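For reference, the structure discussed in these notes is given below.
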Amino acid sequence: MHKIEKLSNGLSVAVMPMDHMESVSIGVWIRAGGRYENEKNSGISHLLEHLLFKGTTTRDMKTIKEEIEGRGGSFNGFTSEEFTCYLVKLLAKDAELGIDILSDMVLNPRLDKTEIEKEKSVIIEEINMYKDMPSHYVHEILAEMMWPGQPLGMPLAGNAETVRAVKREDLASYKEEFYNPRNMLVIGVGKTGDHEVPSIARKYFRASAGEPARAFDAIRLGQKEPNIRLFTKETEQTHMAIGFHSLDRFHPDRSALGIMNIILGGNMSSRLFHIARDEMALCYEISSSGRKYHDCGALVISVGVDHGKAADAAGVISRELKRLTTELVSADELSRAKEYYRGQLLFALEDTMSHMLWLGEKVVAGEKDFEAC
């Protein structure tokens with residue numbers, strides 16, 4: 001059973017002992033991400049995340065890598081719409097080293113001007129790369145349609161113009177607002193005692209609480225009718241993405257939506273995959289997925305097909321969506337979906353890193369049955 005403690009400076013610390021493991025996975029979660037941005041600084045959360053791996057005031061980037069990987073460990077980071085996370089996986093005996101390095105990164109980044117400019121160029125190349133990947137770019141267009149003029153509708157990496165415009169002072173100010181202990185969660189999962197991680201965190205996260213970080217703006221939903229956008233480019237396939245406004249992460253029916261998604265297009269035995277791929281051979285891959293945020297959500301269906309088969313694929317999707325609203329799911333199909341849902345969750349919880357990511361998001365988001373930070 002996980003335990004959560006709040007330190008005197010506002011830092012929340014969560015621990016999930018898994019004594020049968022040899023590893024410990026540690027994450028530092030920060031309430032900062034795409035939803036805290038605007039049209040002028042879009043992409044700043046992602047840029048800052050990259051820069052924290054470029055060195056601190058006491059360690060250069062080579063030292064950070066060597067200290068973690070020289071102990072057989074791995075580390076990474078990611079930026080999402082509502083959170084940023086920095087993570088390491090090490091042998092349990094090296095847990096203190098992991099917390100030491102992560103705390104140094106998030107509290108004392110160097111933010112060297114030369115490295116900032118170099119990383120801007122790297123991220124702009126990343127942005128251009130994804131624009132050349134229709135299966136990815138179609139989802140950027142869909143997000144802009146679903147949440148027009150709002151941060152959720154903007155790419156997490158920003159665009160070339162906003163990335164170029166970010167200055168060191170902007171990064172330092174953003175970091176000062178959001179990267180303070182009362183806006184963070186430190187979590188350890190694996191071979192660790194209930195008190196080990198809080199004790200180490202207390203040692204390395206001694207920064208003052210700072211002012212409360214601002215909240216992101218509530219979502220605005222005003223769509224009255226279906227919205228279609230076509231983007232033309234020379235590609236081998238037509239890529240389609242269909243989105244529906246859906247349930248937020250706190251909604252009591254969120255698990256039912258997860259089961260429905262599995263039935264619709266969440267695995268290879270789903271309706272969409274079986275009909276479009278196995279029976280009609282329209283495509284190589286077709287799927288659906290759910291996205292849950294603090295106050296909204298989305299159900300998204302995506303497919304890539306030969307240009308001449310796009311209408312047929314759209315017809316299959318339309319028919320299966322209608323069938324969900326007019327026919328009860330059979331007991332057998334429902335049972336299989338529930339078992340898949342349960343099995344995938346249990347498989348993930350067998351690994352310390354997957355367990356840390358699952359639990360960390362729930363705790364930092366304040367989901368029901370998990371103490372809010």
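Side-chain atoms are counted along with the backbone in the values below, which use heavy atoms only and exclude waters and symmetry mates. In this chain, numbering begins with 1 at the start of the sequence shown. Everything quoted here is computed from the prediction, not taken from an experiment.
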For this session: Determine the minimum heavy-atom distance between Met240 and Ala314, stating which atoms define it.
Result: CE-N, 4.0 Å
Exercise. For Ala256, does its backbone N or O pair with a side-chain atom of Asp253 as donor and acceptor, under 3.5 Å?
Worked result: no
Exercise. Looking just at side-chain N and O atoms, do Glu37 and Ser45 make a donor-acceptor pair shorter than 3.5 Å?
Worked result: yes
For this session: Determine the minimum heavy-atom distance between Ser289 and Asn261, stating which atoms define it.
Result: N-OD1, 3.2 Å
For this session: Could you tell me how the ring of Tyr174 sits relative to the ring of Phe178: parallel (under 30°), tilted (30 to 60°) or perpendicular (over 60°)?
Result: tilted
Exercise. For residues Ser330 and Asp332, is any side-chain donor paired with an opposing acceptor at under 3.5 Å?
Worked result: no
Seminar exercise, completed: Residues passing the ring pair (Phe, Tyr, Trp, His ring centres under 6.0 Å) test with His245, sequence neighbours excluded, are Trp147
Seminar exercise, completed: salt bridge (Lys or Arg N to Asp or Glu O under 4.0 Å) filter on Glu67, not counting sequence neighbours, yields Arg59
Problem set entry | Stepwise side chain to side chain contact (heavy atoms under 4.5 Å, CB included) test for Met184 and Tyr179 | CA-CA 7 Å; Met184 295 181 186; Tyr179 283 55; 4.0 Å; yes
When the side chains of residues 299-306 are checked against the rest of the protein, which donor-acceptor pairs come out under 3.5 Å, sequence neighbours left out?
{"from": "Asp306", "atom 1": "OD2", "to": "Gly308", "atom 2": "N", "distance (Å)": "2.9"}

Exercise. Does a side-chain N-to-carboxylate-O contact under 4.0 Å join Glu81 and Arg291?
Worked result: no
Exercise. Residues in salt bridge (Lys or Arg N to Asp or Glu O under 4.0 Å) with Glu117, at least two apart?
Worked result: Lys120
Problem set entry | Basic-acidic side-chain contact under 4.0 Å: Lys65, Asp60 | no
For this session: Kindly write out the residues that satisfy ring pair (Phe, Tyr, Trp, His ring centres under 6.0 Å) with Phe83, not counting sequence neighbours, or none if the list is empty.
Result: none
Exercise. Any side-chain donor-acceptor pair under 3.5 Å between Thr84 and Glu49?
Worked result: no
Exercise. Got a sec, which residues hit ring pair (Phe, Tyr, Trp, His ring centres under 6.0 Å) with Tyr341, two or more places apart in sequence or on another chain?
Worked result: none
Exercise. Would you call Arg31 and Glu82 a salt bridge, using N to O less than 4.0 angstrom?
Worked result: no
Contacts table for residues 130-138: side-chain donor-acceptor under 3.5 angstrom, sequence neighbours left out:
{"from": "Asp132", "atom 1": "OD1", "to": "Lys233", "atom 2": "NZ", "distance (Å)": "3.0"}
{"from": "His136", "atom 1": "NE2", "to": "Glu140", "atom 2": "OE2", "distance (Å)": "3.4"}

Seminar exercise, completed: Contacts of Lys292 meeting salt bridge (Lys or Arg N to Asp or Glu O under 4.0 Å) (sequence neighbours excluded), chain-then-number -> none
Do any side-chain atoms of residues 222-230 form donor-acceptor pairs under 3.5 angstrom with protein atoms, and if so which ones, sequence neighbours left out?
{"from": "Gln223", "atom 1": "NE2", "to": "Glu225", "atom 2": "O", "distance (Å)": "2.9"}

Seminar exercise, completed: Hits for ring pair (Phe, Tyr, Trp, His ring centres under 6.0 Å) against Tyr204, two or more places apart or cross-chain, chain-then-number order -> none
Exercise. Does any N or O in the side chain of Ser25 come within less than 3.5 Å of the main-chain N or O of Met353, such that one atom is a donor and the other an acceptor?
Worked result: yes
For this session: Give a yes or no answer on whether the side chain of Arg110 reaches the backbone of Thr56 with a donor-acceptor pair at less than 3.5 Å.
Result: yes
For this session: Determine, for Arg277 against Glu285, whether the closest basic-nitrogen to carboxylate-oxygen distance falls under 4.0 angstrom.
Result: no
Exercise. By salt bridge (Lys or Arg N to Asp or Glu O under 4.0 Å), which residues pair with Glu333, not counting sequence neighbours?
Worked result: Arg271
Exercise. By side chain to side chain donor-acceptor pair (under 3.5 Å), which residues pair with Asn9, not counting sequence neighbours?
Worked result: none
For this session: For Asp104 and Thr58, test the side chains for any donor-to-acceptor distance below 3.5 angstrom and give the result as yes or no.
Result: yes
Exercise. So, Glu279 and His274: side-chain donor and acceptor under 3.5 Å apart, yes or no?
Worked result: yes
